Amino acid sequence: MTMMERFLKYVAVGTNSDPKSPTCPSTPEQKVLGQIIVEDMKEMGIKDAFMDENGYVYGTVEGNCDAPTVGFVAHMDTVIDMPCENIKPTRIEYKGGEIVLNKEKNITMTPDERHIGHTLIVTDGTTLLGGDDKAGIVEILEMAKYYIDHPEIKHGAIKIGFTPDEEIGRGADKFDVKLFGADVGFTVDGGPACGLSYENFNACAAQIDVYGTNSHPGGAKGVMMNSLWMAMEFHSMLPMDEAPQFTEGFEGFSHLNGMSGNVEHTVMEYIIRDHDKAKFESKKQRFEKIAAYMNEKYGEGTIVATLQDSYYNMKEPVMEHPEIIEIANAAIRAEGLEPVSVAARGGTDGARLSYMGLPCPNLGTGGANAHSRYEYVSVQEMETCCNILKHIVDMYAEVK
Ligand SMILES: [Zn+2]
């Protein structure tokens with residue numbers, strides 16, 4: 001089976017995850033795909049391939065030399081916001097300009113210029129494609145197959161892990177890092193082949209409870225403490241230019257995400273984000289300082305600030321293995337591309353895995369327009385991405 005045949009086989013199984021579901025995996029279809037993948041892995045010669053009760057798929061390509069164990073991780077679910085049933089993948093030779101996805105419904109799109117001359121797999125404009133992240137899955141399997149079919153090539157042990165529920169932020173939840181047993185890992189999850197991502201936000205959720213005192217408005221003078229007013233006063237002390245709508249790149253923010261209340265009690269929900277640890281801490285301190293100032297002004301207990309860290313920038317644990325980035329960059333260059341480092345303005349499963357003991361930057365898959373009806377993959381770029389994985393394995397074989 002070619003990589004593309006396998007890709008088409010996997011995208012035919014709709015696997016959207018569901019944030020409202022309490023189970024793991026959140027939807028049963030993910031286990032259906034997981035089982036198909038396990039069977040394919042076994043057929044390929046990955047003898048220990050299995051799926052655990054939570055729908056995580058693991059497997060090993062045994063090493064034949066003394067080298068670090070490298071792991072590759074991709075996710076099996078797709079987003080719930082776009083239909084993922086009855087996907088009608090179509091192969092086109094892209095010559096540039098606008099293409100028609102669906103004549104009947106008049107749906108068109110213009111693929112990226114870098115894909116002129118490539119073979120693309122597109123949708124009919126009514127569903128997503130599922131290249132995020134089934135492209136990552138088949139690239140990892142194709143790489144694994146290569147080493148199984150070429151036992152003469154020296155390499156360390158290669159670990160494979162496919163997770164459910166990445167799109168709803170739970171992909172790392174039940175990932176068994178110990179069982180996986182890799183020294184370093186890579187998520188293979190989206191973006192161009194030249195992309196390497198090893199930075200993401202530090203993240204904190206802050207809930208601000210403001211307590212007031214109600215009274216009849218007619219006799220409120222000197223008595224009423226309006227928590228809605230005090231909540232606005234709190235917010236007005238935050239730097240107004242540090243909001244998501246005014247920031248990009250490496251600029252962090254604090255974001256008022258929800259607000260509800262009455263005279264007696266107002267709740268404000270914020271998220272605080274920054275790539276830089278020191279700036280992240282000072283943003284959090286500002287919340288504490290404003291709360292202290294207002295408690296001084298209006299009385300202890302007026303403001304209760306509850307700050308809870310959510311996740312951290314993976315750069316720190318990744319940099320404890322500086323060879324990861326060097327090798328990933330060299331692997332991308334070996335395919336004639338200049339690596340582009342992308343700082344995620346959010347969190348990733350790789351970031352969480354990095355803090356669970358598996359340093360895990362992200363590599364591209366050759367897909368584009370993820371999470372939309374315009375999602376597509378480039379066959380040539382997927383091959384390039386697969387080659388990058390092979391270069392990484394080859395280069396790690398030289399590391400003692
Ligand atoms: Zn993804």
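None of the values given here were measured: they were computed from a predicted structure. Any value given below was found using the heavy atoms of this structure, including those in side chains, with hydrogens, waters and symmetry copies removed. When a ligand or atom number is given, it counts from 1 through the structure's own listing order.
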Enquirer: Tell me whether the centres of the aromatic rings in H155 and Y147 are closer together than 6.0 Å.
Expert: yes
Enquirer: For the Zn ion (ligand 1), find the closest N/O/S atom on H75 and give its atom name.
Expert: NE2
Enquirer: Tell me whether D132 has at least one N, O or S atom under 2.8 Å from the Zn ion (ligand 1).
Expert: yes
Enquirer: Is atom CD of E43 surrounded by more than 12 heavy atoms (other residues, nucleotides or ligands) closer than 6.0 Å?
Expert: no
Enquirer: Answer yes or no for D189: is there an N/O/S atom below the 2.8 Å cut-off from the Zn ion (ligand 1)?
Expert: yes
Enquirer: Please test E381 against R114 for salt bridge (Lys or Arg N to Asp or Glu O under 4.0 Å), starting from the C-alpha separation and ending with a verdict.
Expert: CA-CA 10 Å; E381 199 171 344; R114 77 177 192 275; 3.0 Å; yes
Enquirer: Would you kindly check if the NZ (Lys) or CZ (Arg) of K277 is within the cone defined by 45 degrees around the ring axis of Y312 and under 6.0 Å from the six-membered ring centre?
Expert: yes
